[in-house]
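The next block holds one structure in the form of structure tokens; read it before the comments.
Each chain gets a letter, A, B and so on, in the order the sequences are listed, and its residues count up from 1. For clarity, every value in this text was computed on a predicted model and none was experimentally measured.
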Amino acid sequence: MSDAMHAAIAGAQPSQRAEKNPDAPLFEGVYKERFDSILTRYPNKRAALLPVLHMAQEIRGWISPETMTRVAELLELTPAYVRSVASFYTMFALRPVGRYLIQVCVGIGCDLCGAEEVTERFLELTKTRIGETSDDGKYTVVEVECLGACAFPTVVQVNDQVYENVKAEEVESLLKELD
Amino acid sequence: MAYPYEHPREERMLSRYFGEVDAIGIDGWIERGGYTALEKALGTAQDDVIQVVKDSGLRGRGGAGFPAGLKWSFMPKDGKAPSYVACNADESEPGTFKDRELMRWTPHQVIEGIIIASYAVRAQHAYIYIRGEFVDIVRVLNGAVVEAYERGYLGMNILGSGYDLDLTVHTGAGAYIAGEETGLLNSLEGRRAEPRVKPPFPAQKGAFGMPTTVNNVETLASVPHIVLNGADWYRQWGTEKSPGTKLFSCCGHLQRPGNYEVPLDFSLKELVYDLCGGPPEGRELLGVIPGGSSVPILTVDELDCEVSYEGIEAAGSFLGSGGLIAMDDSTCMVRAVRRMVEFYAHESCGQCTPCREGTSWLTKILRRIERGDGREEDIPLLLDVGSNMAGSTICPLSDSAAVPVVSSIQKFEDEYMAHIRDGSCTAKR
């Protein structure tokens, strides 16, 4: 793929990266360019909300109330409106999450093939409960609905990396691989 | 990851290049005949493109099965107002994973279909609304869109035809209901993905209040083949009412799970037992859900039908999205249904009371039965709640949530009764 940033893709960048800084400035430098470029792809500013929230999460790791207020200003919306939209979608973290967000698919395809044991193993090894972040801030394990790769159960997504055919006995080595 | 299984009885029109890394980039795609259909389409009048798709009988592959050409013909022809095409890549129906593979292996097949569709309905901007979880696929699409711009298949004056089109990849953010076409439009507009009351239909008032055509990925990927080879060629496969080939995403308890592309007159039983290899060694199949978790379950005795829209309907279910979920005798049916209903409870947008309340009550009752605290009255109660959820809401999510409950009670009531009466489970561990 071309390295040059193309206007058509400016808004749709996979956003769940491990490197993120909750205090990073929003939409400066290259992000400002992407922000401006996103606006050219839609007939109004409201439509840029999802791509801009994705970008904010990419930069800061989660969507804080301050982030929502800033996004609202930039897109000429109210903070309450931004919150109503952000809270509708499961991918926007309205609380900080661990450095590794471990999403275990518990859709019917994975559930039939042992997803529950995979989830339990992750929780056991990270010493957390569902949705909690481990004490060292590294891991948050969540159950997610069907990730759309049902022939390869269990599907696990860690940040923006997809793992297929994960078995409970492989969870330990998967976690080691992350470090 | 290599493409896992192929079968000689498949008819691989859409999936021919699955597993071939060289087909992903634009050069490899052009070498394989890519974008010749677009050239042909741009040299044809828009209405003639719509006509060939109409004649082909191609039906929407997202689940509803609405004739694609007819849908296109609802778009205004004067070209005065801005109009849009939205490619529905929000594939989220549990058990369905065909669109992901189409975009992963053949992004240009999908993009070519989008450009042809946009030309036919006179749209100026197309959006690929892809679910946000598909991060790896978003990367593939981003690369492919840039390539298509660079080669002049997108942008101003495409291939010297005078036709202009922009294409934007728009990522969702985790909401099943964004796959419902009006939910998708709201989400594209930066709103909660709450479905809209129809009419007005998207062709009248869609994205940003303007005429819009929403088509599924697989539908659009089929378009270049039809435009290039004609309606009669496409109709060599399938039945009068269900022409062509279709991808079936097969998962659950099968020897060879994966995507299989077969003509729509193929036998469901042979798909399950021959192509997918049937259940794992030493197991017996209990039932099969043929079209994603929103359609009724079929017992093993009901699989002797063809996979066409009308064939599966006659057998008592629906083709839906083609997401086939197989369950063998190790399955606790109550648990499986509870899991499916929990999904709908989680994904209900909350606008309509029967859905918001119904999905949550079904879940609670099913959990109670599963853990052995159920009562015999729970069975009529589940059916009663289910019947109140059907046909009384803005979108079909509510109906979908009731389907696995009602159909499993009809066909597997013994399993419910074992939990209720004896606190036991009929699943063979």
Requested in this report: Examine whether an atom of A/Val162 lies under 4.5 Å from a heavy atom of chain B, and if so say whether it belongs to the side chain, the backbone or both; otherwise answer neither.
Outcome: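 The side chain, not the backbone.
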**Report entry** Toward chain B, the part of A/Val82 with a non-hydrogen atom under 4.5 Å
**Finding:**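 Looking at A/Val82, nothing touches chain B.
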Where on [X] is there a heavy atom nearer than 4.5 Å to chain A: the side chain, the backbone, both, or neither?
| X | result |
| --- | --- |
| B/Cys349 | both |
| B/Arg191 | both |
| B/Arg339 | side chain |
| B/Ala178 | neither |
| B/Tyr176 | neither |
| B/Glu347 | side chain |
| B/Leu188 | both |
| B/Thr331 | side chain |
| B/Arg256 | neither |
| B/Ile177 | side chain |
| B/Tyr84 | side chain |

Would you call [X] and [Y] a side-chain contact if the rule is heavy atoms closer than 4.5 Å?
| X | Y | result |
| --- | --- | --- |
| B/Met210 | A/Pro43 | no |
| A/Asn44 | B/Glu189 | no |
| B/His125 | A/Arg41 | yes |
| B/Thr171 | A/Leu50 | no |
| B/Arg335 | A/Asp111 | yes |

Requested in this report: Quick one: sort the B/Tyr127 and A/Tyr42 rings into parallel, tilted or perpendicular, breaks at 30° and 60°.
Outcome: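 Plane angle under 30°, so parallel.
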Sort out for me which of [options] touches chain A most, counting heavy-atom pairs under 4.5 Å.
| options | result |
| --- | --- |
| B/Ala193, B/Ala336, B/Cys251 | B/Ala193 |
| B/Ser293, B/Gly323, B/Gly172, B/Cys250 | B/Gly172 |
| B/Ala175, B/Ala144, B/Gly190, B/Ser92 | B/Gly190 |

Which atom names give the shortest non-hydrogen contact between [X] and [Y], and what distance separates them?
| X | Y | result |
| --- | --- | --- |
| A/His54 | B/Ala173 | NE2-CB, 3.7 Å |
| A/Pro51 | B/His170 | CD-CE1, 3.7 Å |
| A/Ala151 | B/Pro257 | O-CG, 3.7 Å |

To the closest 0.5 Å, what do you measure between [atom1] ([X]) and [atom2] ([Y])?
| X | Y | atom1 | atom2 | value |
| --- | --- | --- | --- | --- |
| B/His253 | A/Leu112 | NE2 | CG | 4.5 Å |
| B/Arg100 | A/Cys150 | CZ | SG | 9.0 Å |
| A/Ile108 | B/Phe343 | CD1 | CZ | 11.0 Å |
| B/Leu254 | A/Cys113 | CG | SG | 8.5 Å |

Requested in this report: Under the side-chain contact (heavy atoms from CB on, under 4.5 Å) rule, what do A/Asp160 and B/Arg139 come out as? Steps first, then yes or no, please.
Outcome: CA-CA 11 Å; A/Asp160 57 3; B/Arg139 285 194 201 104; 2.9 Å; yes
Report task. Test A/Thr90 against B/His346 for side-chain contact (heavy atoms from CB on, under 4.5 Å), laying out the working first. Result -> CA-CA 10 Å; A/Thr90 54; B/His346 181 258; 3.6 Å; yes
Query raised in the report: Between B/Arg104 and A/Glu164, is a salt bridge (charged side-chain N to carboxylate O under 4.0 Å, His left out) present by the stated rule, with each step listed?
Result: CA-CA 15 Å; B/Arg104 172 198 235 182; A/Glu164 294 172 344; 3.5 Å; yes
**Report entry** Any side-chain donor near an acceptor of the partner, A/Tyr89 and B/Ser187, under 3.5 Å
**Finding:**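 Result is yes, a qualifying pair exists.
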Query - Over 12 foreign heavy atoms within 6.0 Å of CZ, B/Arg356 - result: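 Enclosed.
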Query raised in the report: For chain B, which residues from residues 120-148 of chain A have at least one heavy atom closer than 4.5 Å to it?
Result: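 Interface residues of residues 120-148 of chain A: A/Glu145, A/Cys146, A/Leu147, A/Gly148.
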